[in-house]
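Taking it in order: structure first as structure tokens, then the write-up.
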Amino acid sequence: MRSTRPFHVLIKPFGARCNIECAYCFYTPKLGLYPREVGARMSDEVLERFVSSYIEAQPFGAEEVEFAWQGGEPTLAGLDFFKRAVALQRAHARPGLTVRNSLQTNGTLLDDEWCEFLREERFLVGLSLDGPADLHDAQRVDHSGAGTFERVMSALRRLQRRRVEFNVLTVVHRLNAAEPERVYDFLVGTGARHLQFIPLVELDGQQRVSERSVAAPAYGQFLSRVFDLWLAREHVGRVFVRDFDSALASTLGVPGSTCVAAETCGRCVALERDGDVFACDHFVDWAHHLGNLRQRDLAAMLDQGPGPEFGASKADLPAECERCPHLRLCRGGCPKDRVAGRNVLCEGYAAWFAHAKPVLERMARCLRAQRPASDWRHIDAPPHAAALERNAACPCGSGRKWKRCCGA
């Protein structure tokens with residue numbers, strides 16, 4: 001059975017188990033779902049069932065499918081497990097379908113053999129790194145309480161030497177949110193050219209935000225400052241920040257590139273190691289259980305209840321959200337971050353959207369005119385003839401050479 005619409009699966013081959021102990025990890029508590037199987041990885045039977053059904057369930061017209069391996073720490077499943085996964089993908093892929101793989105990891109187990117495999121199989125690696133050593137090690141420690149920064153940086157250098165494509169995932173918490181310039185310049189200085197900033201929002205049983213979470217105003221200030229640095233350093237088109245890409249897409253009137261910015265959700269499900277499928281990896285609990293691969297068709301889980309109901313509930317917003325001029329950019333944010341229907345980061349999102357709006361609109365004009373977004377400063381200047389002397393002054397009036405300005 002094929003699904004009616006595209007969907008995405010986050011695969012947890014070793015469940016919530018991890019070899020380090022980040023203070024803010026939201027997934028570690030999921031170990032309690034399977035208390036008798038803490039050390040178990042996904043069986044070969046479940047792996048093959050998933051690979052075949054995931055490929056089979058892709059909707060008509062789909063040209064590619066991505067396998068997104070996460071955790072816990074997915075590399076704990078072992079390199080041989082991933083070699084079997086890739087072999088199964090080749091065996092089950094139908095003609096004309098491109099299969100891609102991504103791996104989200106803390107990086108501490110990546111040795112040269114791992115990196116060679118990742119390069120050969122063209123995996124995209126998402127490496128968790130929260131900034132310079134003091135900011136990273138404040139939250140990302142091992143089971144003995146020791147920082148993991150040096151081990152992560154060693155992995156980053158191995159990935160670079162092997163020319164493995166990677167991006168950096170940075171959790172924005174109370175400490176690093178206060179130092180946007182140091183965080184951004186450090187991350188770009190590592191050679192990373194694709195960045196994802198993930199706000200830390202922890203809610204207790206009384207729906208109160210934890211002390212280590214990023215406060216809404218601080219998050220807005222962080223994104224605004226990073227946005228300004230991205231522009232000032234002339235990194236547009238050279239460094240890609242997921243938040244900025246998504247906001248620009250929404251400004252253009254197309255769906256944002258993240259589920260957070262989508263009008264509805266529920267098309268990005270989580271697969272636990274025993275074949276259980278959940279509505280989202282932030283809602284891995286029995287109330288959001290869609291079924292098990294061994295008893296229920298994957299496409300049916302996505303297209304029939306309770307998955308669709310969960311996804312549609314994201315659009316149930318309070319009146320103040322419906323009136324907000326920035327609604328199309330955030331769509332209420334992630335449902336996990338809502339208290340009484342309102343996102344706890346609302347104030348921060350609104351501040352950064354208002355700050356970035358003039359530039360995003362100019363970038364959108366550039367793209368509609370089939371010019372690069374980096375032309376945003378000069379979109380009102382006339383188009384440049386292809387034969388324009390490259391050493392001539394730029395006609396936009398900036399005073400710079402054309403090849404270093406609009407012709408770059």
Side-chain angles (χ1 to χ4, degrees), residues 1-13 15 27 30 33 42-43 45-70 85 88-89 91-102 104 246 249-250 253-317 328 330-338 341:
M1 178 178 175
R2 294 196 181 190
S3 180
T4 57
R5 295 186 290 126
F7 68 101
H8 194 62
V9 179
L10 303 179
I11 316 151
K12 315 283 188 173
Y27 208 74
K30 306 306 176 185
L33 290 172
M42 183 178 288
S43 68
E45 174 198 358
V46 171
L47 175 63
E48 181 161 15
R49 172 64 180 156
F50 168 63
V51 171
S52 62
S53 61
Y54 189 35
I55 290 174
E56 180 185 354
Q58 296 304 305
F60 288 101
E63 298 181 350
E64 64 177 55
V65 56
E66 181 187 1
F67 288 76
W69 306 93
Q70 297 191 0
L88 288 169
Q89 291 168 358
H92 289 282
R94 58 179 180 257
L97 184 70
T98 299
V99 178
R100 303 189 189 281
N101 285 278
S102 62
Q104 184 175 328
S246 181
S250 296
V254 299
S257 58
T258 66
C259 57
V260 172
E263 187 170 3
T264 61
C265 56
R267 304 300 292 183
C268 183
V269 300
L271 173 70
E272 261 288 347
R273 62 186 180 276
D274 74 335
D276 281 321
V277 179
F278 297 88
C280 169
D281 76 331
H282 286 288
F283 291 88
V284 174
D285 54 54
W286 298 119
H288 296 90
H289 182 235
L290 304 184
N292 188 287
L293 284 174
R294 290 174 290 188
Q295 287 89 40
R296 193 178 182 202
D297 185 84
L298 183 59
M301 294 187 219
L302 271 294
D303 294 339
Q304 301 169 14
E309 289 88 346
F310 167 79
S313 67
K314 184 177 189 291
D316 185 12
L317 297 169
R328 68 173 178 172
C330 79
R331 297 296 178 183
C334 182
K336 77 174 181 66
D337 298 334
R338 294 180 185 174

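Quantities reported herein were computed from a predicted structural model and do not represent experimental measurements. Side chains are part of it too, since the values below use all heavy atoms of this structure and drop only hydrogens, waters and symmetry mates.
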Looking at side-chain heavy atoms only, is the closest gap between [X] and [Y] below 4.5 Å?
X: F7; Y: D303; value: no
X: V46; Y: R273; value: no
X: S313; Y: P335; value: no
X: Q104; Y: L10; value: no
X: F50; Y: L88; value: no

Check: R296: what forms a side chain to side chain donor-acceptor pair (under 3.5 Å) with it, not counting sequence neighbours?
Finding: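 None.
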Check: Residues two or more places apart in sequence or in another chain: which of them pass side chain to side chain donor-acceptor pair (under 3.5 Å) with T98?
Finding: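 T98: no side chain to side chain donor-acceptor pair (under 3.5 Å) contacts found.
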Item checked: Of all pairs that satisfy salt bridge (Lys or Arg N to Asp or Glu O under 4.0 Å), the ones with a partner from residues 51-62, not counting sequence neighbours ->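 Listed by first then second residue: nothing to list.
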Calculate, to the nearest 0.5 Å, the distance between atoms [atom1] and [atom2] belonging to [X] and [Y] respectively.
X: E48; Y: H92; atom1: CD; atom2: NE2; result: 4.0 Å
X: R294; Y: S53; atom1: CZ; atom2: OG; result: 12.0 Å
X: R5; Y: Q58; atom1: CZ; atom2: CD; result: 13.0 Å

Side-chain donor/acceptor of [X] to backbone N/O of [Y], under 3.5 Å:
X: R94; Y: I55; answer: yes
X: R267; Y: P6; answer: yes
X: R338; Y: K314; answer: yes

List for me each residue that meets side-chain contact (heavy atoms from CB on, under 4.5 Å) alongside [X], sequence neighbours excluded, and say none if there are none.
X: V277; result: V269, L271, L290, L293, L298, M301
X: D276; result: Y34, E272, D274, F278, W286, H289, N292
X: A299; result: M1, S3, A57, D297
X: E263; result: R331

Check: Shortest non-hydrogen contact from G266 to L302?
Finding: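 Shortest heavy-atom contact: O-CD1, 3.7 Å.
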Item checked: Closest non-hydrogen atom pair, G332 against L317 ->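 For G332 and L317, the tightest heavy-atom pair comes out as CA-CD2, 3.9 Å.
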Residues forming a salt bridge (charged side-chain N to carboxylate O under 4.0 Å, His left out) with [X], sequence neighbours excluded:
X: R49; result: none
X: E66; result: none
X: R100; result: E64
X: D281; result: K12

Margin query: Going by the rule ring pair (Phe, Tyr, Trp, His ring centres under 6.0 Å), which residues pair with F283 if we only count those two or more places apart in sequence or in a different chain?
Written below: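 Result, ring pair (Phe, Tyr, Trp, His ring centres under 6.0 Å) vs F283: H288, F310.
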Notebook entry, point to check: More than 12 non-hydrogen atoms from neighbouring residues, nucleotides or ligands closer than 6.0 Å to CD on Q295, yes or no?
Noted result: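 Counting neighbours around CD of Q295, more than 12 heavy atoms of other residues, nucleotides or ligands fall under 6.0 Å, so yes.
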